[in-house]
*Asks:* 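The structure that follows is given in the form of structure tokens.
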Amino acid sequence: MCGVIGMVGQGPVNQDLYDGLTVLQHRGQDAAGIMTYDEGRLYLRKSNGLVRDVFRTNHMLQLQGCVGIGHIRYPTAGCESEAEAQPFYVNSPYGISLAHNGNLTNAEEIKRDLYLEDLRHINTSSDSEVLLNVFAHELGELRKLKVSHDDLFSAVTGIHRRCRGAYAAIAMINGYGVLGFRDPSGIRPLCFGRRETESGPEYMIASESVALDVLGFELVRDVDPGEAVFIDLYGEIHTQQCASNPRLTPCIFEYVYLARPDSMIDDVSVYKSRLRMGRKLAGKIEREWPDHDIDVIIPIPDTSRTAALDMANELGVTYREGFIKNRYIGRTFIMPGQAVRKKSVRQKLNPIELEFRNKNVLLVDDSIVRGTTCQQIIQMTREMGANKVYFASAAPPVRYPNVYGIDMPAAHELIAHNRDEDTVAEVIGADRLLYQSLTDLVDAVREGNGGIADFDCSCFTGEYITGDVTAAYLEGLEAERQDEARGAAASGEAANLSGVLSWA
């Protein structure tokens with residue numbers, strides 16, 4: 001899970017890109033980068049850290065130009081160093097930079113082919129650099145001094161032919177403009193919007209619509225699966241379907257947890273989908289536990305608040321805020337190392353004792369991944385004097401790793417892997433555990449857009465929609481994602497590549 005943004009403006013775009021990345025900060029708190037183009041020169045700043053820490057005034061002043069792209073990254077196995085921060089850049093052909101959200105499932109195969117057949121060297125372990133080099137090779141094969149938008153679309157067609165997995169990407173081609181494209185399954189989100197100015201229209205492409213909203217852009221629409229959107233330096237927009245068999249199957253975990261509630265993704269309001277998740281959970285309780293003794297429903301902030309509120313309303317049970325969140329602690333299921341995760345949970349949430357004492361409490365969370373967080377929260381709830389502690393998940397059991405850009409842990413680290421509901425309840429210490437059914441979850445999201453063909457639900461079902469995920473691939477992924485592997489990668493961090501770079 002990362003965030004990408006690109007803009008062609010009538011004036012300097014550095015501040016808008018900075019503000020847009022700040023709005024998308026929930027999609028990654030590990031690294032950030034912006035690259036801009038101005039009169040033949042590229043300007044780059046990227047480093048580890050939050051957006052506000054990576055970009056200082058002197059950096060912003062040097063990010064000149066009316067065209068630019070940006071990226072935020074969250075921790076991913078093998079991508080801890082600043083060398084992996086995006087955007088990436090290649091100088092041939094034309095000079096191309098790229099920011100990518102997702103994961104290529106055949107990256108190693110492509111990397112080998114790029115070296116043996118295309119004579120291209122990949123300098124990092126990031127599949128985003130692989131994607132960039134595929135695009136550069138496809139464009140370079142045209143052997144043209146100048147390219148048209150049709151040539152760019154032809155290169156994207158080549159990407160779809162060679163690449164598998166998930167990719168929502170934004171590329172900047174020096175002297176031409178900004179190109180956004182999405183994989184044929186539309187797994188990761190991408191949208192674009194328009195803003196009118198006195199000098200003419202400005203366009204922005206971003207991972208989520210909330211980035212457009214905050215900056216005063218009107219959402220035009222989502223980028224279709226397999227589609228490419230090109231904005232040239234004159235503010236003209238061109239679009240074309242570049243895949244032969246596009247089929248919209250977005251990642252359902254975007255709606256459960258990843259996206260901001262004030263975003264629209266593929267014409268579905270994330271906020272309203274979470275309200276419906278809460279109502280579906282309430283319906284399950286009414287069917288399976290009509291004589292419940294719940295006194296109060298308390299969400300685990302922040303993403304579960306919306307579902308918990310409508311759940312309480314449907315059941316006629318009191319809703320209360322029982323935890324105060326420290327907003328300066330990152331998301332715990334993607335933190336490297338169990339010890340770090342355990343420590344951060346205690347730092348992240350502080351309970352309000354009065355809301356728990358002598359009550360039967362139903363805690364609501366968006367999902368249960370490792371179980372580390374909910375286990376400690378349940379223990380905190382008991383320490384606050386709760387009589388009974390029940391737990392509800394707005395998502396089904398997470399039993400399989402995600403291979404499309406969410407760095408969920410290896411299967412054996414998932415608490416629900418090879419465990420039934422009662423066993424998970426016992427492990428986390430809950431008196432009762434309720435999971436959302438997959439059917440109810442899909443219905444809750446699809447109600448916003450009946451035109452969605454299907455969803456990627458692989459972390460719940462183990463069925464990977466691209467059809468190329470083998471047992472051998474998952475075994476390799478599991479080895480890569482083990483905490484020991486993370487520690488080894490972190491100790492070998494590459495040299496600092498931050499700072500503003502410019503090319504004549």
Side-chain angles (χ1 to χ4, degrees), residues 1-6 28 30-35 37 42 44-48 68-141 152 155-156 158-174 178-183 188 207 403-405 407 476-477 480 489 492-499 501 503:
M1 176 185 67
C2 298
V4 295
I5 193 168
D30 188 52
I34 291 175
M35 182 176 279
Y37 172 83
L42 285 172
L44 170 67
R45 166 65 181 174
K46 62 178 182 178
S47 183
N48 284 352
I69 63 174
H71 183 271
I72 47 172
R73 184 191 77 194
Y74 82 121
T76 305
C79 288
E80 286 83 1
S81 79
E82 291 182 347
E84 311 289 338
Q86 299 183 40
F88 286 124
Y89 171 80
V90 290
N91 66 353
S92 178
Y94 316 112
I96 305 170
S97 50
L98 180 137
H100 165 226
N101 175 32
N103 181 60
L104 302 184
T105 53
N106 63 339
E108 289 303 314
E109 174 188 338
I110 299 173
K111 186 175 181 179
R112 183 181 64 248
D113 292 343
L114 283 169
Y115 180 75
L116 295 177
E117 299 176 13
D118 304 341
L119 307 180
R120 285 184 170 270
H121 171 71
I122 304 301
N123 196 49
T124 70
S125 60
S126 172
D127 63 321
S128 302
E129 190 186 8
V130 172
L131 183 66
L132 169 59
N133 275 270
V134 171
F135 178 59
H137 174 77
E138 294 293 328
L139 201 55
E141 284 292 281
L152 298 175
V156 174
I159 290 175
H160 295 332
R161 185 178 61 252
R162 297 180 65 176
C163 297
R164 300 288 178 269
Y167 47 93
I170 302 177
M172 181 170 63
I173 302 93
N174 296 357
V178 169
L179 173 75
F181 56 93
R182 197 175 179 193
D183 69 76
R188 292 281 151 247
S207 291
V403 302
Y404 298 126
D407 196 32
L477 190 67
E480 182 184 11
E493 184 170 300
N496 189 340
L497 293 185
S498 63
L501 309 178
W503 290 264

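Throughout, numbering of the chain's residues begins at 1 and tracks the sequence. When reading the values below, keep in mind they use all heavy atoms of this one structure, side chains included, and skip hydrogens, waters and symmetry mates.
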*Asks:* Provide the closest heavy-atom pair for Ala171 versus Phe135 in the form atom of the first, atom of the second, distance.
*Replies:*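 Reported closest heavy-atom pair: CB-CE2, 4.2 Å.
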*Asks:* Donor-acceptor pair, distance only, cut-off 3.5 Å: does the side chain of Asp118 make one with the backbone of His137?
*Replies:*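 Checking the backbone N and O of His137 against the side chain of Asp118, no donor-acceptor pair under 3.5 Å is found.
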*Asks:* Test your reading of the model: is there a side-chain donor-acceptor pair from Lys46 to the backbone of Ala31, 3.5 Å cut-off?
*Replies:*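 It does not hold such a pair.
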*Asks:* Under 3.5 Å, is there a donor-acceptor pair linking the side chains of Asn101 and Arg188?
*Replies:*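 The answer is no; no qualifying pair exists.
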*Asks:* Is Glu138 salt-bridged to Arg162, going by a charged N under 4.0 Å from an acidic O?
*Replies:*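 Arg162 and Glu138: salt-bridged.
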*Asks:* For Val403, is there any backbone N or O sitting under 3.5 Å from a side-chain donor or acceptor partner on Asn103?
*Replies:*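 Checking the backbone N and O of Val403 against the side chain of Asn103, a donor-acceptor pair under 3.5 Å is found.
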*Asks:* At their closest point, which heavy atom of Gly68 faces which heavy atom of Val178, and how far apart are they?
*Replies:*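 Shortest heavy-atom separation between Gly68 and Val178 comes out as O-CG2, 4.2 Å.
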*Asks:* Looking at Tyr89, is its backbone amide N or carbonyl O close enough to the side chain of Ser97 to form a donor-acceptor pair, meaning the two atoms are under 3.5 Å apart?
*Replies:*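 Here the side-chain-to-backbone pair does not exist.
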*Asks:* Which heavy atom of His160 sits nearest to which heavy atom of Arg164, and what is that distance?
*Replies:*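 Here His160 and Arg164 meet closest at O-NH1, 3.3 Å.
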*Asks:* Go through His100 and Gln86 one step at a time and tell me if the side-chain contact (heavy atoms from CB on, under 4.5 Å) criterion holds.
*Replies:* CA-CA 8 Å; His100 165 226; Gln86 299 183 40; 3.9 Å; yes
*Asks:* Looking only at non-hydrogen atoms, find the nearest pair between Leu114 and Ile122 and report the distance.
*Replies:*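 That closest heavy-atom pairing would be CD1-CD1, 3.9 Å.
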*Asks:* Under the side-chain contact (heavy atoms from CB on, under 4.5 Å) test against Phe88, which residue among Thr124, Leu131, Asn133 passes?
*Replies:*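 Output: one option passes, namely Thr124.
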